[in-house]
Amino acid sequence: MSGDLASSFSPADIEATLYQKWVSAGYFTADAASSKPAFSIVLPPPNVTGVLHIGHALDQTLQDCLSRMKRMKGFEVLWLPGMDHAGIATQNVVEKQLATDGKSRHDLGRDEFVKKVWEWKGESGGAILEQMKRLGSSVDWSRERFTMDEAMSNSVVTLFKKMHDAGLIYRAERIINWCPRCLTALSDIEVEHQDDSGEFVSVRYGEGEQSITVATTRPETMMGDGAVAVHPDDPRYKHMVGTSVLLPLVNRMIPIIADELVDPDFGTGAVKVTAAHDPNDFEMAVRHNVPFVVIMNEHGVMDGTGTEFDGMDRFEARVAVVEKLRSMGRIVAEKRPYIHAVGHCSRCEITIEPRLSKQWFVKVAPLAKASADAVRNGLVTIEPKELEPRYFDWVDNMHDWCISRQLWWGHRIPVWYGPNDEVIVVGPGETAPPDYTQDPDVLDTWFSSGQWAFSTFGWPEKTADLAKFYPTSVLVTGYDILFFWVVRMMMMSTFAMDGVPPFKTIMLHGLVRDQFGKKMSKSRGNVIDPIEFMDKYGADALRFTLARGANPGTDQALAEDWIGGSRNFATKLWNATRFAMMNGANIEGELPAADSLSAIDKWILSRLSETISEVDSLLEKYEFARACELLYHFAWDDLCDWYLELSKETFAGTDADKTKRVLGHVLDQLLRLLHPVMPFITEQLWTTLTGAESLVIAQWPVANAAHVDKASEKLVAEMQEIITDVRRFRNDQGIKTSLKIPARFVANGAIADYSSAMAFVLRLELGEITPSAKVEIGSVKVEFDLTGSIDVVAERARLEKDLAAAIKDKQTAEVKLNNDGFMAKAPESVVLEIRERLAKTSTDIERITAQLGALPKA
RNA sequence: GGGUGCUUAGCUCAGUGGUAGAGCGUCUCGUUUACACCGAGAAUGUCGGGGGUUCGAAACCCUCAGCGCCCA
């Protein structure tokens, strides 16, 4: 049967074929009518413009691990894939394409442009989904969704109307984040704050007694000032509150107002109030009836001030205004560079301009409260729990959400305006009166992706999918989008689904960083391309590395060397399975009864049983890293380095049937356990070993408690100690590993039965000998007949090192046992353990001392 | 400024009260018929500093220092 496995493992030879096999067999297709319990995950939809990056690879590896494990556990698993239409990002891509022909979207017109975007999507969009297949993601392709699909659109319009009717959507004139390049409003989360180098200028307003100095980073907006504000308790300005000062450049009188919002310790303690161009100023203006003076157009160009600055870009104007003020002697102080946080468009990086405009908003307070309560009441669990405070911090302090975008690519706002300013929301299947016109804007992308957990199941129709798979079992995503997407999913789902949140658990993982823990970025040149590494090392190696690094909620560093290490692990599995099969490992019939097995067989079954229960419980707790670590060491250390080695003597003999069966069982179970993390290689090995159809639909291992055998574990631990010590002796003595040494075991009890197994591993020739050297471990003595004399210096060094270690251990134990407090208060088991340690070290010291004394003088 | 983490072997990180661990790297030896993508052996840590609690602290508390992230 081993002929079925190539002599070396080549991932590229099996991956694509196996994936195709799984998809064709329909293993990933969920059945809503199934009687099995449901386990569902919706894939956080990647942008249609995106390519697979290492973060996706991590995210999907973890989701696939869970999906595959649950499938093996007998759940009806649905992992639903799809993509996000990514409004601004996608529109930008297509606009850029048009620009190469010197065209803008306006040259095409709205309908033509949207058609163009769809064309682009058909040709180049969604490359990422093909790349997912490389990873082995077990998603249900028959249910692939796109946030701009008609069904999604139906959901979006229905929910918009429902929210509007509930008073949760309103239209208002507010200061919003405006991108002067994308020419659209943005929500708070689409703005990235960076520390920029700017300037901080103090300008004197007014004349003589009636003057006040304001400090600002945005002098160019002063022509839009409607007031100057001070803190009500500020003694410097108290007498001026209620009076007016002259606003330079435009020569307008503006009032001095008092507002708590002003920080008297900041700058001069007096700030200009530019109601139409700053969110804080806007708030103050509303409180004090300060007029809104608009001085800039949508492109960020000065407009309507009636000064020479009209027509200048905002940054040009900033310089020019300060220059003019300086010539007028009105600049009191200047500070450059002044480092402060400035908002940038997350899509094009241009500086955001706060802009007064009429937009649609979601009133988030009641939604956010329901979302917070769902977690507080335990309806939804956040894993790891340490990230809960971050979640609460966010949902408890949320601003209303601006959802209208001045774009063409997206779900059009289902609002129509009548000739006399009537406003109606047109739901699915409804039509607006003929003389009405639709709002030209589209909805924020998050408004549709926020519905992903139920719109994908066919809501608002009462579908079988919805009934079976909502709420989803777990959401797996990076903590970096907790506030972007997760919170929106929570809010919209909980509202739409009558209080049932979209998932039972939110499992948050960290970011993948470079080998030094630095953020990956194009400019640093430290970006790891998952495709490149899958080509080089195989998908399983990449997946194993990522899963092994995935400690809950924390970032992980990733280096090519470590992926190489996982590839080595895959190769190890391959070779071990090949070797096992060459030796007749099989799964025929029942496992032999425990009392008929050797201690070595019983030991590996015991270790297997422990590994199964630990790995299972760790995976259920989303402890991927620790689960992988256990599997790695069970496979490499216990199975390969010890069990296979210790079994070689048995395989060389005539009574190997039971061991062949045990080995077959252990491999069978191990491959099942590893399958969720390393689906390809395990499938190949397991189907070869068992001849069964597929590991994808095989059963998840269940620990057999009866196999746990502490006595055998202790015995094998003793054997390991003996073997290690003899190896060290051989090594210190410079005896070639290939050289067989005549030797004899002097041992009593169970350990004596395994002399030949140990001798095989150690390359000792057992027989009656005249000993010329020995190694003693506890009560076991291994004597050797070395033809020449031994290297006394090396042997003395070895023994002295052991002696020193034993003396040190003995002292630590003595100190504890002589400590009255310890004896009085430490639990009995601990005291017992220390006593045993003392006894062991004492005999060790005696024995080693005697051995040292018996050594010939150098 | 508000919040929240982190500091353990050369690097990246596990380790929630009982003799300090892993992977990668390093050194020595090795063509032992699964595997050199391997095997065997070895070296390496006042667990950031200081104080405290405790019979016992890498772990719990206080404090200082340094680094990071999120939000403003």
Side-chain angles (χ1 to χ4, degrees), chain A residues 2 5 7-9 188-189 193 263 265-266 280 340-341 343 386-387 389-390 392-394 397 479-480 482-483 510-511 513-519 537-538 541 545 548-549 551 553-583 623 625-626 628-630 632-633 636-637 640-641 644-645 648 652 723-732 734-740 760-763 798 801 805 808-813 815-827 829-831 833-834 837 841:
Chain A
S2 61
L5 289 178
S7 61
S8 69
F9 172 47
D188 290 350
I189 57 172
H193 292 269
D263 176 4
D265 298 326
F266 182 75
N280 289 327
H340 61 142
E386 296 86 76
L387 288 171
R390 284 206 203 187
F392 290 131
D393 189 48
W394 185 266
N397 303 293
Y479 63 73
D480 55 326
L482 180 61
F483 314 128
L511 274 37
R513 296 170 171 271
D514 78 359
Q515 58 182 313
F516 302 112
K518 298 272 179 259
K519 209 168 186 170
Y537 300 103
T545 311
R548 192 183 188 178
N551 286 299
T554 61
D555 291 351
Q556 65 168 297
L558 182 68
E560 178 165 0
D561 276 353
W562 309 342
I563 303 174
S566 297
R567 184 268 320 266
N568 297 353
F569 179 54
T571 308
K572 190 77 181 174
L573 287 172
W574 186 272
N575 286 317
T577 306
R578 251 181 80 235
F579 175 70
M581 291 179 66
M582 270 162 45
N583 281 289
E623 294 266 15
R626 289 172 64 191
C628 289
E629 196 68 16
L630 284 182
Y632 180 89
H633 289 291
W636 203 312
D637 302 351
C640 294
D641 288 350
L644 289 180
E645 292 303 324
K648 279 180 177 172
I723 290 168
T724 305
D725 250 32
V726 173
R727 278 171 175 166
R728 192 156 69 98
F729 170 78
R730 291 184 62 134
N731 217 289
D732 291 347
I735 302 166
K736 284 191 156 194
T737 27
S738 53
L739 187 69
K740 282 205 167 186
F760 193 93
V761 171
L762 288 165
R763 296 191 69 74
R798 187 176 77 87
K801 196 178 150 198
K808 199 181 154 208
D809 283 357
K810 188 185 175 191
Q811 281 169 348
T812 337
V815 166
K816 290 207 169 195
L817 293 170
N818 289 333
N819 181 334
D820 293 342
F822 175 79
M823 295 308 285
K825 296 192 177 176
S829 61
V830 175
V831 176
E833 196 189 314
I834 305 287
R837 201 181 300 157
T841 50

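Atom set for the values below is all heavy atoms of this structure, side chains included, hydrogens, waters and symmetry mates excluded. Numbers restart at 1 for each chain; the letters A, B, ... are given by sequence-line order, proteins then strands.
- Qualifying side-chain contact (heavy atoms from CB on, under 4.5 Å) partners for A/Glu645, counting only residues two or more places apart in sequence or in other chains: A/Lys648, A/Val761.
- Atom CG in A/Asp637 sits roughly 9 Å away from atom P in B/G39 (whole-Å rounding).
- Counting non-hydrogen atoms under 4.0 angstrom, A/Arg730 reaches nothing in the nucleic acid.
- Take A/Trp562 and apply the side-chain contact (heavy atoms from CB on, under 4.5 Å) test, not counting sequence neighbours, and it matches A/Thr545, A/Ala557, A/Ala559.
- Comparing B/C24, B/C69, B/A14 against the side chain of A/Asp561 picks out B/C24 as the nearest.
- Take A/Leu630 and apply the side-chain contact (heavy atoms from CB on, under 4.5 Å) test, not counting sequence neighbours, and it matches A/Glu614, A/Val615, A/Leu618.
- A/Ser829 comes within 4.0 angstrom of nothing in the nucleic acid, heavy atoms only.
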Worksheet item: Can you give one letter per nucleotide of nucleotides 2-12 of chain B, 5' to 3': B if a protein heavy atom sits under 4.0 Å from the base, S if only from the sugar-phosphate, - if neither?
Response: ---------SS
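- A/Ala570 approaches A/Phe9 most closely through the heavy-atom pair CB-CE2, 3.8 Å.
- Annotation: side-chain hydrogen bond (donor to acceptor under 3.5 Å, both in side chains) contacts of A/Arg390 (sequence neighbours excluded): none.
- Taking every heavy atom of both residues into account, A/Ala625 and A/Arg548 meet most closely at CB-O, 3.1 Å.
- Qualifying side-chain hydrogen bond (donor to acceptor under 3.5 Å, both in side chains) partners for A/Thr577, counting only residues two or more places apart in sequence or in other chains: none.
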Atom pairs under 3.5 Å: protein N/O with N/O of nucleotides 29-35 of chain B:
residue : atom : partner  : partner atom : Å
B/G30   : O2'  : A/Thr737 : OG1          : 3.4
B/U32   : O2'  : A/Arg763 : NH1          : 3.0
B/A34   : OP1  : A/Lys648 : NZ           : 3.3
B/A34   : O2'  : A/Arg578 : NH1          : 3.3
B/A34   : N6   : A/Cys640 : O            : 3.3
B/A34   : N6   : A/Glu645 : OE2          : 3.3
B/A34   : N3   : A/Asn575 : O            : 3.3
B/A34   : N3   : A/Ala576 : N            : 3.4
B/C35   : O4'  : A/Asn575 : ND2          : 3.4
B/C35   : O2'  : A/Asn575 : ND2          : 3.1
B/C35   : O2   : A/Lys572 : NZ           : 2.8
B/C35   : N3   : A/Lys572 : NZ           : 2.9

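- Residues meeting the side-chain hydrogen bond (donor to acceptor under 3.5 Å, both in side chains) test with A/Arg513, sequence neighbours left out: A/Asp555.
- One C1' atom belongs to B/G15, the other to B/A9, and the distance between them is 14 Å to the nearest Å.
- Counting any heavy atom pair closer than 4.0 Å across all strands shown, A/Asp809 reaches a base atom.
- Qualifying side-chain contact (heavy atoms from CB on, under 4.5 Å) partners for A/Asp561, counting only residues two or more places apart in sequence or in other chains: none.
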Review item, nucleotides 53-55 of chain B N/O atoms under 3.5 Å of protein N/O:
residue : atom : partner  : partner atom : Å
B/C55   : OP1  : A/Lys825 : NZ           : 2.1
B/C55   : O4'  : A/Gly821 : O            : 3.4
B/C55   : O2'  : A/Asn819 : ND2          : 2.7

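- Between A/Ser7 and A/Asn575, the shortest heavy-atom distance links the atoms O-OD1, 3.9 Å.
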Fill in: Dot-bracket encoding per residue of RNA chain B, Watson-Crick/G-U cut-off under 3.5 Å, | denoting interstrand
((((((((.[[[[.)..(..]]]].(((((.......))))).....[[[[[..)....]]]]]))))))).
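- For A/Arg567, there are no side-chain hydrogen bond (donor to acceptor under 3.5 Å, both in side chains) partners, not counting sequence neighbours.
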